[in-house]
Amino acid sequence: YFSTLLNMIDSENKIHANMNPCGTISGRLSSSKPNLQNIVKSSIIKKMFISNTPEGYLVSFDYKAHELRVFALLINDVKLINKFKECFEPHIYNASLIFQKDMKDITPKEKTLAKNTNFGLLYGEGITTLAKSLGVSQEKAKEFQTKFKEMYPSIEQYYKLIKVSLQKQDYFSIPIGRKWRTNNLDFPQQINLPIQGTAAYVCLLGASQLLQKGYNIVLQVHDSIVISFPSLPTTDELLDIYNTCKTIALPGFEDSQNLWDGE
């Protein structure tokens with residue numbers, strides 16, 4: 001991986017990835033030659049990427065619990081939407097249930113594990129797979145699944161919505177207009193794509209508006225937007241970016257544009 005990156009440095013000591021707007025089924029941006037959206041999780045590798053100005057900074061702005069928020073929108077789960085507006089921390093909350101600890105005592109590693117559990121169960125991960133990924137018994141995994149469904153009672157409603165949609169037509173769609181054919185898609189993919197596709201669209205809209213404001217966006221990594229600053233970003237700049245990204249007017253969901261408060 002390291003040697004491949006070195007071979008792609010140009011005469012200005014920069015690496016330029018090819019961004020592929022139609023490279024994924026979900027609608028997320030992908031990149032190639034090199035794939036900068038899948039950088040090895042190593043602090044050494046990440047420190048290789050620096051601003052192109054001596055006093056500059058590369059800053060990543062991330063939509064927190066993004067896909068869970070989008071799920072709440074798609075199914076119109078009013079209780080969950082209101083929770084998010086109150087700065088609800090779903091991954092930490094689930095970690096406290098899994099590890100039977102106070103939320104304030106949850107470690108970063110436990111939060112990451114709970115995050116993976118959240119998304120696995122949201123996208124229909126089975127008990128066997130969940131037990132293996134968590135390193136627990138199937139009985140314990142079943143307990144986690146039960147707690148998850150208690151936390152998100154609308155999940156079964158969402159599954160039913162997808163199934164009913166597919167019974168009526170050979171494709172399913174989301175309010176912003178994107179459609180997916182059902183050919184060769186298994187059920188986890190069918191429930192994943194509307195959420196992931198909508199989440200990607202929100203991030204693209206945010207990046208587009210920031211570009212129009214003159215910010216130097218260098219990369220989008222799934223739910224994150226990476227911006228290059230010539231110097232330390234000011235408080236006003238950070239607030240402007242925050243307010244821009246949290247008030248995206250998503251077609252079909254204009255009344256819920258403040259769902260991303262508290263990020």
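Looking at Tyr158, its side chain does come within 3.5 Å of a backbone N or O of Ile191 through a donor-acceptor pair. Side-chain atoms of Thr112 come within 3.5 Å of backbone N or O of Pro108 as a donor-acceptor pair. Judged by distance alone, with hydrogens and angles left aside, the side-chain atoms of Asp10 form a donor-acceptor pair with the main-chain N or O of Glu12 at under 3.5 Å. With hydrogens and angles ignored, the 3.5 Å screen pairs a side-chain donor or acceptor of Ser137 with a backbone N or O of Lys140. Checking side-chain atoms of Gln37 against main-chain N and O of Ser31 turns up a donor-acceptor pair under 3.5 Å.
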Side chain to side chain contact (heavy atoms under 4.5 Å, CB included) between His91 and Ile106, intermediate numbers included: CA-CA 10 Å; His91 304 319; Ile106 296 300; over 6 Å; no
CA sep, side-chain torsions, deciding dist, call: Ile217, Leu210, side chain to side chain contact (heavy atoms under 4.5 Å, CB included): CA-CA 8 Å; Ile217 297 177; Leu210 292 175; 3.8 Å; yes
Side chain to side chain contact (heavy atoms under 4.5 Å, CB included) evaluation trace for Asp240 with Tyr215: CA-CA 11 Å; Asp240 183 46; Tyr215 290 101; 2.7 Å; yes
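When all heavy atoms are compared, the tightest approach of Thr53 to Pro230 is OG1-O, 3.5 Å. Heavy atoms only, all atoms of each residue included: Gly206 and Tyr63 are closest at CA-OH, 4.3 Å. What you find for Ile127 and Gln138 is that their closest heavy atoms are CG2-O, 3.6 Å. The shortest heavy-atom contact between Asn76 and Ile81 is OD1-CD1, 4.2 Å. Pro34 and Ala17 get closest at one heavy-atom pair: O-CB, 3.3 Å.
Using a 4.5 Å heavy-atom threshold, the side chains of Leu73 and Thr198 count as separate. For the pair Asn52/Asn13, no side-chain contact is recorded, criterion being any heavy-atom separation below 4.5 Å from C-beta on. The shortest distance between side-chain heavy atoms of Gln220 and Arg28 does not fall below 4.5 Å.
Annotation: the span from Asp102 atom CG to Ile92 atom CD1 amounts to 12.5 Å, rounded to 0.5 Å. Between the CD atom of Glu143 and the OG1 atom of Thr146 there is a distance of 7.5 Å, given to the nearest 0.5 Å. To the nearest 0.5 Å, atom NE2 of residue His66 and atom NE2 of residue His222 are 12.0 Å apart. Taking CG of Leu36 as the reference point, atom CE of Met8 lies at 9.0 Å (rounded to 0.5 Å). Taking OG1 from Thr244 and CG from Leu205, the interatomic distance works out to 12.5 Å, rounded to the nearest 0.5 Å. Rounding to the nearest 0.5 angstrom, the gap separating the CD1 atom in Ile227 from the CD atom in Glu237 is 9.0 Å.
With Asp62 as the partner, the side-chain contact (heavy atoms from CB on, under 4.5 Å) test is satisfied by one option alone out of Val221, Ile225, Asp223: Asp223.
Other residues, nucleotides and ligands contribute more than 12 heavy atoms inside 6.0 Å of the CZ atom of Phe49. Atom OH of Tyr93 sits in a sparse spot, with 12 or fewer heavy atoms from other residues, nucleotides or ligands closer than 6.0 Å. The local environment of CG in Leu211 is crowded, with over 12 non-hydrogen atoms from other residues, nucleotides or ligands closer than 6.0 Å. In this structure, Lys101 places its NZ atom where more than 12 heavy-atom neighbours from other residues, nucleotides or ligands lie under 6.0 Å away. The number of heavy atoms from other shown groups lying within 6.0 Å of CD (Glu55) does not exceed 12.
The same ILVMFWY cluster, assembled from side-chain heavy atoms under 4.5 Å apart, contains both Leu161 and Leu74. Taken together through direct or relayed side-chain contacts under 4.5 Å among Ile, Leu, Val, Met, Phe, Trp and Tyr, Ile241 and Val218 form parts of separate hydrophobic clusters. The same ILVMFWY cluster, assembled from side-chain heavy atoms under 4.5 Å apart, contains both Leu232 and Leu238. A continuous path of Ile, Leu, Val, Met, Phe, Trp and Tyr side chains, each step under 4.5 Å between heavy atoms, connects Val202 with Leu80, placing both in one hydrophobic cluster. Under the 4.5 Å side-chain heavy-atom criterion for Ile, Leu, Val, Met, Phe, Trp and Tyr, Tyr57 and Leu219 are members of distinct hydrophobic clusters.
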